[in-house]
Amino acid sequence: MLPVPVGAGGPVSARKRGSLMARAYDVQEVERRWQGRWAEERTYELEPEDPRPPYYVLCMYPYPSGPAHQGHVRNYTFGDLLVRFRSMQGHAVLSPFGFDSFGLPAENAAIRTGEHPRSFTEARIAELKASVIALGAVYDWRREIRSHDPEYIKWNQVIFLRFLEHGLAYRALAPVNWCPGCKTVLANEQVLADGTCERSGDLVAKRNLEQWFFRITEYADELLEGLDSLEWPERVKTMQRNWIGRSEGAEIELPVVEAKEPGASLRVFTTRPDTTFGMTYAVVAPEHPLVGSLTTDEQRDAVEEVRALASAASDMERQAGIGGSSPASLAKRGAFTGSYVTNPFTGAPVPVYVADYVLMGYGTGAIMAVPAEDERDFAFASSYGLPVVRTTRPPEGFDGGAWTGDGVKINSGFLDGLDVASAKARATAWLEQQGSGRASVKYRLRDWLVSRQRYWGCPIPVVHCGSCGVVPLPEDELPLLAPDDVELAPVGESPLARHPTFAKVDCPSCGRSARRDTDTMDTFVDSSWYFLRFCDPWSTDRPFDPAEAARFMPVDQYIGGIEHAILHLLYARFFTKALADVGLAPGIEREPFRRLFTQGMIRMDGTKMSKSKGNLVAPSGYFDTAGADALRLFHLFAGPPTEDIDWTEQTGEVIDGCGRFLDRVWRLAVDAPAERDDWREGDDRGEDLALLRSAHRLVAKVTDDFEKWSFNTAVAACMEHANVLQRYLRESAASGGPSKAAYDRAVDMLLLVLAPMAPHMTAEAWEIRHGSGARVHSEPWPAFDREMVAEATVTMIVQIDGKVRERIEVDAGITEDDAVALALAAPKVAEALGGIAPSRVVSRPPRLVNLVK
RNA sequence: GCCCGGAUGGCGGAAUCGGUAGACGCGGGGGCCUCAAAAGCCCUUGCCCUUCAGGGCGUGCGGGUUCGAGUCCCGCUCCGGGCACCA
């Protein structure tokens, strides 16, 4: 055993008392050496012509925020396990790594410290990369991507222009969050729930700016339908479905009564055309373009008040819900316009209200209100004294307000007697026939706003020319890089717009003086196709070679946090489809991520462990003490990977426990063979066979558990087998010594299955056992013998009235009759039965016999 | 409010098809080794009664199905997460 100088280095605070224990091997030396070897020997660099079947494992590329935190460690431990496992199984594994290196934190840091975002970011990248390597995770680093690299920026810009060319990128006015205090545009996450700026505390206002959008809504149906084929967590798919929010219904034209302009009508969208007979009023959003013409002079003040309130109201207030509003505040949230529209089904006029519970951004910005069958309409109608007419008969005993369920149609003329579904169809057909409406599908999903009034992002490669309009930059001028000498302090304009020369440019088309776009792209653009670039990061004439990408795509296993369940994953899916449609990714599977795994969070004191909460427990302290292997093992062992982990005072001790287990394996694999002198030839004894049986069972269990992502039970299985090995050595000492052949085989099988989990220790032990140059991670994944796995005898339980009364060791192939006979013959059973034959016998040989009195 | 998860010893968790509840580990208790300690090794550890035999209870709560329920069904409670006027 080596005297181990543990304890040198590493913050004391990160160490729990047990971490000072002496180890069976020099953990830090071994881990550092193997990390070096994996790099030197290019073990996980994948050549394009590799003939093995490809397998693509990808962890979501991280925002480089400094040294890895426990969430990263957990993520990359899972990913690395899979990389090594699939590789041992004979796959050509693509395992790339990169950095989502554009983004707001670097820009904010720059404002604070004066350091340029690039050098700041690159320093953070170096830290994160170092800790990923120190964890022993292996990647093909030649493929590394950083979103802020000029090469990557270039292809981002090429893709943008291609989208522009194909009508997938367009400009429109859109409101942004404007902070008057900071004189800058805020991201949504910088606006607090009460509508104030997180930094200055000023009330954030909406400002309309001309911005770039990607037409993701064009893909709404494909994005929705594509979900069905994916092996993703059901809840992530549900979240995406809700986000897309497809609703089928009808648009209906409501003629305005005595309109100022003849023939004017209000177009509403409804999912319940069957309820139109129950419309007792209509509502338009405060921002609706017809509000002005619908409002009469007498009502103008009231309507203006609603509009003013709606535009000033924080999102929070506006989203509080009609039902949750106090009567006083509710009164200001809606007003009669003074106009009426005609219900096309009844011909009756109904009043038009303006109210903030109707949103301009959804449907047509106007609704027909049916208080009897819609809860919001009901709440509003109750406050404003508007009539309620039921068109669906509620179930017996229903005493609520709005009934939104199925039922027989009533008060509905030609729809009476139908159920809701058929009434919908009939009503829609009638509308189409009358020319006053049509079937319609609406989505909650909006087009993707990609413009950001920021510096540290990918510049948008267009020029705005007074005569030519929007002019794309010629491809040979790309990448368009932002200048370094910018003033980042927030003073009212985006940094690039304030630069003395950046924006000034001659129009590429007509040559007259023009202006560059000074916005940058949302960083979600960068992360929407990086997995494609990873397949062919060397491509110099296009973002990636489609043939090379097609080899690896789709990603076989994508791993990341649940926080990306909607936006990143939806945008990436959209990009993959759009890239194919604009000709950049022909022949590539349109769904980029075949299997998705979302890991649980690391929590501390009930909250998410994060830098901003200041409750980080840095992994680096553990690298210096228990070691990377022990930390990896802890993350695998702590519980199911989907579940959150609570970081407690006990955690350090569990990590030490994982280190102790690795020591024990080391002693079994390296020390015991060298130290013992009572080895025996042959492996034919009962206990030898039992040992080999345990080894085969281990391999079967771990293989199965890896496939199911049940890593905690895989670790437990390894511990059990280590216990078996240890007992075998101890007990064989008294009976002629352990069999060398059986023991070696049983130890090797343990090292092999442990190799993806604790790569350093197993690599070192393997080389010591098998000679210089032997590489455990280049060994084929061990096979197991089914006959060895099957148990020869099992413990049969005998129950009386369902309670366990006896356990009997029986042959695994025992017949039903023998099992029952054996059960009845057991003395304890006979005694418990008291001579009375059971009235019923349930037998499930070989596991159980239940005797019912 | 709606939609998902979840609840098992002192703690993290296991139990794959309805069939031995508590694998494995942490923590605790006892012992061996040692001048002593650390490390290591061995035994023990759900709760209660009890004699090392043995018995009773036990998977958030209340019902049900079943020879048999942590597991299936119905009704709750609590905790966590997501969404929240989407017509």
Side-chain angles (χ1 to χ4, degrees), chain A residues 1 4 18 20-24 233-236 238-239 242-243 245-247 249 268-272 275 283 318-325 333 355-359 361-370 374-377 379-380 442-445 562-563 565-566 600-601 603 606 633-634 637-640 642-646 648-658 660-661 663-664 667 704-705 708 710 712-713 715-720 722-723 726 730 794-804 806-807 828 838-844 847-853:
Chain A
M1 208 188 289
V4 180
L20 292 159
M21 64 189 175
R23 294 292 298 262
E234 212 42 56
R235 64 182 182 132
V236 175
T238 303
M239 282 160 83
N242 293 341
W243 189 260
R246 181 189 154 101
S247 14
V268 298
F269 174 70
T270 180
T271 55
R272 295 291 304 273
T275 64
V283 187
R318 205 160 158 189
Q319 288 172 6
I322 282 284
S325 221
R333 297 179 57 181
D356 72 353
Y357 80 94
V358 173
L359 307 176
Y362 187 78
T364 60
I367 61 159
M368 60 176 215
V370 185
D374 182 284
E375 274 153 23
R376 295 151 303 176
D377 294 346
F380 190 83
K442 300 284 181 199
Y443 299 89
R444 204 193 84 108
L445 182 70
I562 188 74
E563 65 270 23
I566 298 176
M601 290 185 305
R603 304 153 58 86
L633 217 52
F634 162 76
F637 187 52
T642 44
E643 300 295 311
D644 290 352
I645 289 182
D646 273 308
T648 67
E649 297 87 52
Q650 224 193 72
T651 301
E653 276 151 10
V654 179
I655 295 171
D656 290 340
C658 291
R660 272 203 295 277
F661 165 67
D663 284 345
R664 203 154 76 243
R667 280 187 228 104
D704 188 42
D705 282 352
K708 292 186 318 197
S710 182
N712 53 334
T713 52
V715 175
C718 291
M719 290 172 168
E720 277 183 86
N723 292 342
Q726 198 162 312
R730 175 161 25 94
V794 295
T795 310
M796 181 176 81
I797 60 161
V798 183
Q799 296 180 332
I800 292 171
D801 288 337
K803 286 183 193 266
V804 180
E806 185 60 297
R807 297 174 166 85
K828 261 190 228 168
S839 65
R840 181 170 174 188
V841 176
V842 181
S843 64
R844 296 282 179 277
R847 294 267 169 215
L848 167 133
V849 172
N850 187 11
L851 307 167
V852 186
K853 272 201 208 169

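Chain letters run A, B, ... following the sequence lines, proteins first and then strands; every chain starts at 1.
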For a quick test of reading the model: is some side-chain N or O of Arg844(A) closer than 4.0 Å to OP1 or OP2 of rC17(B)? no

For rG19(B), does the base pair up with any side-chain atom of Gln799(A) as donor and acceptor (N or O, under 3.5 Å, distance only)? yes

Watson-Crick or G-U counterpart of rG40(B), or none if no pair lies under 3.5 Å: rC32(B)

I'd like to compare against my own output: the B/S/- annotation of nucleotides 41-48 of chain B with a strict under-4.0 Å heavy-atom distance to protein. SS------

Short side-chain N/O contact from Asn712(A) to OP1 or OP2 of rG25(B), under 4.0 Å: no

Counting only side-chain N and O atoms of Arg660(A), is one of them less than 4.0 Å from OP1 or OP2 of rC26(B)? yes

Determine the contact category for Thr795(A): base if any of its heavy atoms lies under 4.0 Å from a base atom, sugar-phosphate if only primed atoms, P, OP1 or OP2 are that close, otherwise nothing. base

Partner nucleotide of rC2(B) by Watson-Crick or wobble geometry (both distances under 3.5 Å): rG82(B)

Those residues at least two apart in sequence (or on a different chain) that pass side chain to side chain contact (heavy atoms under 4.5 Å, CB included) with Ser843(A) are Glu816(A), Val820(A), Pro845(A), Val849(A)

Mate of rC57(B) where both pairing distances stay under 3.5 Å, Watson-Crick or G-U: rG46(B)

Residue-phosphate contact under 4.0 Å: Arg840(A) side-chain N/O, rC67(B) OP1/OP2: yes

Does rU65(B) have a Watson-Crick or wobble mate here (both distances under 3.5 Å), and if so which one? none

Can you list the residues that meet the side-chain hydrogen bond (donor to acceptor under 3.5 Å, both in side chains) rule with Gln726(A), with sequence neighbours excluded? Arg664(A)

If you assign Tyr362(A) and Lys803(A) each to the RNA chain B nucleotide with the nearest heavy atom, which residue ends up on the more 5' nucleotide? Lys803(A)

How would you label the contact of Asp374(A) with the nucleic acid (heavy atoms, under 4.0 Å): base, sugar-phosphate, or nothing? nothing

